[in-house]
Amino acid sequence: MPKLPIVVLISGSGSNLQALINAIARGELSAEIHAVISNRPDAGGLQRARAAGIPAEALDHTAFESRAAFDQALQAHIDRYAPELVVLAGFMRLLSDDFVAHYSGRMINIHPSLLPAYTGLNTHQRVLDAGDKQHGASVHFVTAELDGGPVILQATVAVQPTDNAQTLAARVLTQEHRLYPRVVQWFAEGRLQLRDGQVWFDGAALSQPLQLEALPDEDGMARQGEPGQ
Ligand code: GAR
């Protein structure tokens, strides 16, 4: 199978990027990361990319006069690598409508909540403050609405009475590392599309997001505790 060319956008540690790198290395993800681009020059994920031999670029958003100017430059950088899918992996920037429209149907994001609940920041603390019993993570197509695009796949995490935001975040992140390679692989296999604002999977519109727990195990994809994460 030809490898899906992707560009990964990050702002931080890049553990989700690492999960993609590891899945590719294990032969479980038929993709090639053409570049990793960070809006923060100090993002740890840039080192992870370089260690894996992937071109890594910092495009510092503070050097730009406006969001539109930054997004235009970012788009030019991304398109130089000709990706078929743009993967937001902890990319903590609001995106302009033009940018989102340019990548419509070919940009996905991972978010640490069971969307549509808890869009935005500090999701783990907000879940604890609300006394929720369940939390999780979602992968969705990116649309103009912040964290509001149609959800593809989710994983649920039970909230423990002893949890704080850090312990909860760590368990959610472990699930994120299982979710993201699987969704990117589906896209690579041509099983996933965005059509008329809906997720299509295996030729049918999804009436609700897929749930990781309900999927049959695919060897290797369900492993936890990856090295380097
Ligand atoms: C992840 O938890 C990701 O879901 C979140 O940032 C973290 C990045 O971790 N993204 C968002 O909150 C986007 N709204 P990582 O850099 O270790 O992959």
Side-chain angles (χ1 to χ4, degrees), residues 6-24 29 31 33 35-52 54 56-59 61 67 71 74 86-96 99-100 103 107-128 134-157 159 163-184 209 212 224-229:
I6 66 176
V7 166
V8 181
L9 304 188
I10 62 165
S11 299
S13 146
S15 72
N16 277 291
L17 164 68
Q18 189 71 53
L20 296 170
I21 292 170
N22 292 350
I24 291 169
L29 174 55
I33 304 175
V36 171
I37 304 175
S38 171
N39 65 306
R40 294 188 180 277
D42 60 350
L46 290 171
Q47 294 308 324
R48 295 182 191 266
R50 292 187 186 112
I54 299 165
E57 285 188 31
L59 194 64
H61 67 274
R67 184 177 304 282
D71 283 4
L74 179 60
V86 176
V87 178
L88 307 186
F91 186 65
M92 307 304 278
R93 290 277 306 167
L94 297 174
L95 298 166
S96 56
F99 184 91
V100 171
Y103 297 107
M107 181 158 63
I108 56 176
N109 181 44
I110 191 157
H111 181 77
S113 78
L114 293 172
L115 292 172
Y118 304 107
T119 62
L121 298 173
N122 302 321
T123 58
H124 311 296
Q125 189 59 52
R126 287 157 63 206
V127 162
L128 290 170
Q134 293 206 316
H135 186 30
S138 307
V139 177
H140 64 95
F141 278 109
V142 176
T143 60
E145 196 188 336
L146 174 71
D147 300 327
V151 178
I152 303 160
L153 179 64
Q154 296 182 317
T156 300
V157 169
V159 180
D163 266 327
N164 58 41
Q166 286 71 36
T167 59
L168 193 51
R171 288 209 309 291
V172 170
L173 205 52
T174 301
Q175 295 305 312
E176 294 185 37
H177 300 157
R178 300 175 65 203
L179 289 173
Y180 228 1
R182 194 175 277 218
V183 172
V184 176
L212 187 67
Q224 298 187 12
E226 295 302 327
Q229 294 179 13

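Just follow the structure's listing: the first ligand is 1, and inside any ligand the first atom is 1.
The protein heavy-atom contact nearest to atom 5 (C) of ligand 1 is Pro112 CD, 3.8 Å. Scanning the protein heavy atoms around atom 15 (P) of ligand 1, the nearest turns out to be Ser15 N, 3.4 Å. Protein heavy atom nearest atom 10 (N) of ligand 1, with residue, atom name and distance: Ile110 O, 3.6 Å. Of the protein's non-hydrogen atoms, Glu176 OE1, 3.2 Å is the one closest to atom 1 (C) of ligand 1. The protein atom (non-hydrogen) at minimum distance from atom 14 (N) of ligand 1 is His111 ND1, 3.1 Å.
A side-chain contact (heavy atoms from CB on, under 4.5 Å) with Leu17 is found for exactly one of Asn22, Leu9, Val36, namely Val36.
Among residues two or more places apart in sequence or in another chain, the side-chain contact (heavy atoms from CB on, under 4.5 Å) test is passed with Ala56 by Leu46, Ala49, Arg50.
Note: an N/O pair closer than 3.5 Å links Gly14 and ligand 1 by distance alone. In terms of N/O distances under 3.5 Å, ligand 1 is approached by Asn16.
Every atom of ligand 1 is numbered from 1 in the order shown, and the set under 4.0 Å from a heavy atom of Met92 is 10 (N), 11 (C), 12 (O), 13 (C). Within ligand 1, counting atoms from 1 as listed, the ones closer than 4.0 Å to a heavy atom of Gly90 are 6 (O), 8 (C), 10 (N).
Between Gln154 and Ser138, the shortest heavy-atom contact is NE2-OG, 3.1 Å. Nearest heavy-atom pair across Tyr180 and Leu88 is OH-O, 2.7 Å.
Side-chain contact between Leu168 and Arg171: present, with at least one pair of heavy atoms (C-beta onward) separated by less than 4.5 Å. Residues Met107 and Phe99 form a side-chain contact, since some pair of their non-hydrogen atoms from C-beta on lies under 4.5 Å apart.
Under 4.0 Å from ligand 1, the heavy atoms of Leu173 that appear belong solely to its side chain.
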Which pairs of donor and acceptor atoms, one on a side chain in residues 116-124, lie under 3.5 Å apart (sequence neighbours left out)?
unit_1	atom_1	unit_2	atom_2	d
Tyr118	OH	Asp132	OD2	2.7
Thr123	OG1	Pro112	O	2.7
His124	ND1	His135	NE2	2.9

